[in-house]
Amino acid sequence: MGGSVKDVKSKAELDNITKSGEAVIIHFWATWCDASKQMDQVFSHLSTDFPKTHFLRVEAEEQPEISEAFSVSSVPYFVFLKDGKTVDTLEGADPSSLANKVAKVAGSANPGEPAAPASLGMAAGPTVLETVKEFTKENGSSQQANQVQPGLSDALKNQLQQLIGSHPVMLFMKGNAEAPKCGFSRKVVDILKGENVKFGTFDILSDIEVREGLKLFSNWPTFPQLYCKGELLGGCDIVIAMHESGELKEVFRDHGIDTIGSNEAKVSGSENGKGGIAQSTGLSMTLTSRLESLVNSSPVMLFMKGKPTEPKCGFSGKVVEILREEKVKFETFDILTDEEVRQGLKVYSNWSSYPQLYIKGELIGGSDIVLEMQKSGELKKVLIEKGIVQKETIEDRIKSLITSSPVILFMKGTPDAPRCGFSSKVVNALKEEGVSFESFDILSDEEVRQGLKVFSNWPTFPQLYYKGELIGGCDIIMELRDNGELKSTLSE
């Protein structure tokens, strides 16, 4: 690969470069990812145009310490640093955005000359532009094909259920057991082999319909995905944690999964308390008592690296962000400040990594589990069940919706595809007047549809709101438009 790009082999090497305070741009990539290779061509070209900027390449799966430090969860991924601090990031294969972000961080390629304007689409020369054109041409159709369509057909659901149940232990991965095509898949394969269990695999790179469908079916956005007797165990991080703690062996034993060539007698498992906390841990009574006190010191307790205002790892930062989004009051403990707690809690909770989130003394899990629970709505459900947050009433929800934008239209369908003539008329009127507005498709949510009728005392749709106040339906909007009062009414 051409250009002045340096491959970074350690966190210490990276720290040595970034402490200079100069502009640094890091490309996190993987050998198996075609998009990474394509973007690296653009990256290399840009490096020749900005010789005073450090262009670094990090193989994400081979340098987990660096990847974790920058919260890298997919490739290609770019991090832009200045004065030793992250000032911007870019996820995915977007050559134009990469070039413009490089120009913004690196400044002019030549002293005394301004950086190429963003309107050019690229901040580098003709060679890069040609590379981008080819990249876009080659990848445009595939990007469209990769978009997940809402819902799953019955035929696809049946196919996925059959695949998941085809083996007691089933791994959906990139590549196959003999030739994994990503480091995460390879790690899980090695763990399963180390556990001496028979397992089946499916190469999700061979079938885009299965690949995208399984993300929806399992509500798990990444691969690999490991299933045992039809139940999803999780991805790479969770499998590693379960393996290291011994929990994976227990799961296989409890589900009657036979090991290969093992003549060992089955060991009766020790009972576990709630949240995976072992009753018998081997820890001293003093430390056990202290850990119990810490875990229960707040209804929502997060053991993390750093503090909420200054997380020391991306995974801890993610959980803090999620809890704030859920508007949850929580306390934290910085496990970097106390080695005894840091190591003891791993044994106490039977969970080998951080962060660890507890609700009412019960272990919920780490960042991956908390993220997936938030996406599925399960986290909100648990918080309500535990009395941490109050269940939102339909009135509260509607109040939140009608004030979510200065002008919001509750309609049938969307502005691009109205599902009734009255909604279409109001959309056209707002567009003709140059009014910026948000919309909500009442056909997508029966609770909102019926609740809004009662809340507004207005039985039909569409309904237009301005600053939380009802303006009216189609007839009133048309009258305001015809009188020339629509725009002024929505800008008072």
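No hydrogens, no waters, no symmetry mates; every other heavy atom, side chains included, goes into these values. All values derive from a computational prediction rather than experimental measurement.
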Validation row: [X], [Y] side chains within 4.5 angstrom (heavy atoms):
| X | Y | value |
| --- | --- | --- |
| Asp203 | Asn176 | no |
| Trp220 | Glu372 | yes |
| Phe70 | Thr89 | no |
| Met39 | Pro95 | yes |
| Leu98 | Leu46 | yes |

Enumerate the residue pairs fulfilling salt bridge (charged side-chain N to carboxylate O under 4.0 Å, His left out) with a member in residues 306-315, sequence neighbours excluded, ordered by first and then second residue. none
Sequence neighbours excluded, every pair satisfying salt bridge (charged side-chain N to carboxylate O under 4.0 Å, His left out) that has a member inside residues 454-480: none
Among [options], which residue satisfies the side chain to side chain contact (heavy atoms under 4.5 Å, CB included) criterion with [X]?
| X | options | answer |
| --- | --- | --- |
| Lys380 | Ile384, Leu383, Val382 | Ile384 |
| Tyr227 | Leu233, Ile164, Leu171 | Ile164 |
| Val427 | Leu409, Thr414, Ile477 | Leu409 |

Is it true that Phe78 and Phe43 have ring centroids separated by less than 6.0 Å?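 Yes, ring centres under 6.0 Å apart.
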The ring pair (Phe, Tyr, Trp, His ring centres under 6.0 Å) partners of Phe217 (sequence neighbours excluded) come to none
Who are the ring pair (Phe, Tyr, Trp, His ring centres under 6.0 Å) partners of Phe333, not counting sequence neighbours?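 In terms of ring pair (Phe, Tyr, Trp, His ring centres under 6.0 Å), with neighbours along the sequence ignored, Phe333 is linked to Phe303.
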Ring pair (Phe, Tyr, Trp, His ring centres under 6.0 Å): which pairs involve residues 409-438, sequence neighbours left out?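 Those involving residues 409-438 are Phe410-Phe440, Phe410-Tyr465.
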Between Ser404 and Glu438, does any side-chain donor sit less than 3.5 Å from a side-chain acceptor?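 Checked: Ser404/Glu438 side chains show no N/O donor-acceptor pair below 3.5 Å.
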Ion pair present between Lys215 and Glu212, side-chain N to carboxylate O less than 4.0 angstrom?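 The answer is yes: the pair qualifies as a salt bridge.
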With the threshold set at 4.0 Å, does a side-chain nitrogen-carboxylate oxygen contact exist between Lys104 and Asp88?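 Asp88 and Lys104: not salt-bridged.
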Check: Ser491 side chain, Lys487 main-chain N or O, donor-acceptor pair, under 3.5 Å: yes
With sequence neighbours left out, the residues meeting salt bridge (charged side-chain N to carboxylate O under 4.0 Å, His left out) with Glu331 are none
